[in-house]
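Below, chains carry the letters A, B, ... as their sequence lines are ordered, and counting in each starts from 1.
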There are 2 protein chains.
Amino acid sequence: MAKTKSETRERILDVALELFNEQGYDKTSLREIADRLGVTKAALYYHFERKDQILLELHLRLHALSHGMIERLDGLDGPAIVGAWPGIVDELIEQMLANRDLFLLHQRNASAFEQLAGDERHAAENEDLQERFRALLSNESIPLEERVRLAASIGAVFSVMMGAGGMFGDVDAEEVARYARGVVSDLFPVT
Amino acid sequence: MAKTKSETRERILDVALELFNEQGYDKTSLREIADRLGVTKAALYYHFERKDQILLELHLRLHALSHGMIERLDGLDGPAIVGAWPGIVDELIEQMLANRDLFLLHQRNASAFEQLAGDERHAAENEDLQERFRALLSNESIPLEERVRLAASIGAVFSVMMGAGGMFGDVDAEEVARYARGVVSDLFPVT
DNA sequence: GTCTATATTTCGATAGAC
DNA sequence: GTCTATCGAAATATAGAC
């Protein structure tokens, strides 16, 4: 596990993230990434074996952001999660504020990410936040109505926070985030 | 506007919808569509000029589903929309129940759909539901907090209804839809 | 670590027979 | 309306010099 974080490797990932969000993963060629970076295509192959390794690495960046939430989930059994949910979603909102591009990538290239599944490293799957959410939604020790609200709150937060860049006009993202938290509160009232 | 709905043309679209949802639009080749249909690639080109015309036609299917909602929106000015919102979202839920695959396609291949924008017929853009939603969210005659709730309800409904196929386990989609409506009610309480 | 040059493959698209 | 055959483009990926 000696992943050298060579400087240019990170720059490749940054540029790739930009282009993937502008044009989509599939429509972005390695030549375009290389050009914007000021190198040649072949240089990319020194840092990454294949194109999808770039996408995979960006996926790992997302993983890193979700460690906190994963740990919170680990400490709780099914029903107790519902009570802790607003706090977990709150952390999600914070991460979205700080790393909007990464979440956007994941959302708008969903099918590209799915076909990463066959990959080797990707197999360590129970530290994947999305998989954990999936498991939660089929956990029958939680009433279906509550599970629907879990899913709804995630969808609501994604929709609001991903739209926060321009979709609402020229508004403060923090203010949008505040209202987003209000929505979650309404979905999980303190009884 | 004499679009002959030849039988096989529709079958092509059905098969394409299947494969696009399984593998993603970009990763699906015309050969795969032809194979599953039992014809050759060239046969597809009798019915469609280019590959993206197939995606475009599927987009038009979505448009057809949204006529009712579009008309509802047309009759209302900014602030009045908020009151009518639960009813509009209700219609959206109904359409999602009946045409889950189409909505799923649109959601998971968002970037592919965006690059359809350059196309000719696609230019008639104010009958596009998504564009209407966008316009709504930047309409400053509606308070930001309300606009956030508009966005949140759409996201919540998508998340819940798209997950309804298996994600909650083996449950009745109608039951999930009922709970989804409950979520929307909580977001837009009758004052 | 980055380059030039090239190999390899896949896919979208076309021509023309039936 | 569907077929066989093929073209041409573009993209991924590799070889080997510097």
- Message: Holding to side-chain contact (heavy atoms from CB on, under 4.5 Å), I want the full list of residues that pass it with B/Thr8, two or more places apart in sequence or in another chain.
- Response: B/Ser6, B/Arg11, B/His47
- Item | Spacing of B/Ile54 atom CD1 relative to C/dC11 atom P, expressed in whole Å | 14 Å
- In B/S/- notation (B base, S sugar-phosphate only, - none; protein heavy atoms under 4.0 Å), nucleotides 2-18 of chain D written 5' to 3' is BBB------SBBBB---
Check: residues 159-179 of chain A side-chain donor-acceptor pairs under 3.5 Å, at least two apart:
unit_1, atom_1, unit_2, atom_2, d
A/Ser159, OG, B/Ala151, O, 2.8
A/Asp172, OD1, A/Glu174, N, 3.2

- Less than 4.0 Å between a side-chain N and a carboxylate O, is that true for A/Lys27 and B/Glu114? no
- Rounded distance (nearest 0.5 Å) linking atom CD1 of B/Ile88 with atom CG of B/Leu73: 4.5 Å
- Task: Taking only Lys NZ, Arg NE, NH1 and NH2, and the carboxylate oxygens of Asp or Glu, determine whether A/Arg61 and A/Asp101 approach each other closer than 4.0 Å.
- Result: no
